[in-house]
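Down below is the structure, laid out as structure tokens.
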Amino acid sequence: MLANSDATTLGPMTEAAVLSSSDLVRLQGLLTATGPAMELRSPVTGQVVGELPTSTPADVEVGAQLAHRAQAEWAARSIGERARLLLDFHDHLLDRRDYFIDLLQSAGKARLSAAEEVLHVALTARYYGRTARRYLRSERGQGVLPVLTRIDRNYVPKGLVGVIGPWNYPLTMAISDGLAALVAGNAIMLKPDHHTPLVALAAVELLRATGLPADVWQVVHGRGTVVGRELIDVSDYVCFTGSTATGRMIAARCAERLIGCSLELGGKNPLLILDDADVDAAAAGAVRASFSNSGQLCVSTERIYVAEPLFETFTREFVARTEAIRLGNAPNFDHDMGSLIDHDQLARVSAHVEDARAKGARVLTGGRRREDLGELFYEPTILSGVTPEMECYAEETFGPVVSIYPVADDEEAVTRANDSDYGLNGSVWTSDHDRGRRVASKIKCGTVNINEGFAATFGSIDAPMGGMKNSGLGRRQGQDGIRRFVDVQSVATQIGIPIAPSHGLDGKAFTSVMTGVLRVMKKAGRA
Ligand code: NAD
């Protein structure tokens, strides 16, 4: 196990070393994978940077057997012991912050986006390390007969939790949910996205170095179409983050197996600028909300509704700030926005913009590739005049493209914000916080941020996060984020007399006595 002060015993810490063949061999050792090798490509250069073996359905089966065996021993440890592992992991991760940021940047990210992921995982580890006891220890409930019926609610781990992650936040979306499942006493089988397995493997390596028994957290690699079904079939619960289309398939399979799942899916997130907003702050916030991680962020803003009196000044300020964004992914903080992940993403982003342009939208800024910077860079793009027949009006672009619309008042802003099949994240800008909260309560999204785009809820691990409508089921973070990984077991202990006619009472007398008891309890204010 690593000591807190020992930041150097775990592998190399530089970007060059990250992509070395010895690094790949080391990380590959953590995979349960005997299938054909798959190349890993840099989205920035298009070059192959290495390869990893993929997992077969048989590998998933083998990994699940190991995990199930290890889970019993892991669950038998005290909550305190499991929580300590998360708190130690927090420190070790922060000690290796730059190593993880380098790895994340190899997925095309600007350094700040990469740093945010590392911080989010550390926040999650601390939060559940500190709150696990509160959420998991057995609780006393109210029995049918006061004093005579004792109720204990126990939180029993599901067993093996399958975690399926996306490529856009390949560290935190692969690891943070798993940390909550882990401290709840589960084993994990993780399938990171096939574009971005390395950083998840490095995090699992660090968890093991921190003291996690090796078999408790399994990792498989490959396409969801190859190992996804098998993974669901060996799991006792599935935690999925990705697109709505894949989420539906996963939910259907989980339903057939009668196991639970949480689905963190897509969004078409609205941002509302009320007529009393600070325009400078709102424009800066809208840039962060729309273009962080090149807009490849589930909670990223894709629709902006601006109160008419502010529309012109806001648009001018928003366009100016967007044009000041520095594109690139150098290993320093000099760039604000990195590249897209692959050619499919580039094709989707370009298609949405070209379709809107062809149907009469105005491109206020951006709207073109930047091949001079790398294979997959695309300029941050603002559209106006977007109408319902354009693809980007209602469909998720999942890229650096945002549409901007004037609205007459708060009511129209809310109506248009809610005019979507999605309901993931909303944002409201106003100088009156009470007004902001009133507007927020009418927005049909799982999270709403006032005077921030998404970071306030995303970074507050005590705030449950997830979608309404087609944006998903279940919540990550907070109490909901850990309780989804346990079954609630109620144990009732009946003391003295049974809940039935006894001690000489016949059925009729028992019913009369119970009727009296119920009336007294209602009067006494009992639930
Ligand atoms: P995706 O659904 O294509 O892939 C996500 C994961 O599912 C990958 O690991 C993939 O291999 C796996 N997968 C694919 N087909 C599968 C199958 N049949 N069975 C099992 N697993 C399968 O999504 P993506 O394109 O990688 O991610 C982008 C989407 O994710 C966007 O819609 C975005 O909004 C969403 N997202 C949501 C959140 C959230 O918290 N709500 C966070 C990040 C991304």
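Heavy atoms only: backbone and side chains are in, while hydrogens, waters and symmetry mates are out. Numbers here are sequence positions counted from 1. In each ligand, atom 1 is the first atom listed, and ligand 1 is the first ligand listed.
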Donor-acceptor pair between Tyr422 and Asn269 side chains, under 3.5 angstrom
no
Output every pair passing salt bridge (charged side-chain N to carboxylate O under 4.0 Å, His left out) with a member in residues 284-306, not counting sequence neighbours, ordered by first then second residue.
Lys268-Glu302, Arg288-Glu452
Contact set, ligand 1, heavy-atom distance under 4.0 Å, ordered by chain/number, equals Ile164, Gly165, Pro166, Trp167, Asn168, Met173, Lys191, Asp193, Gly224, Gly228, Phe240, Thr241, Gly242, Ser243, Thr246, Met249, Ile250, Glu264, Leu265, Gly266, Cys298, Glu396, Phe398, Leu424, Arg476
Given the ring of Phe398, does Arg348 sit roughly above its face, with NZ or CZ under 6.0 Å from the centre of the six-membered ring and within 45° of the axis?
no
Just checking, any donor-acceptor pair under 3.5 angstrom between side chains of Thr32 and Asp59?
no
List for me each residue that meets side chain to side chain contact (heavy atoms under 4.5 Å, CB included) alongside Thr45, sequence neighbours excluded, and say none if there are none.
Ser42, Gln47
Those residues at least two apart in sequence (or on a different chain) that pass ring pair (Phe, Tyr, Trp, His ring centres under 6.0 Å) with Tyr393 are none
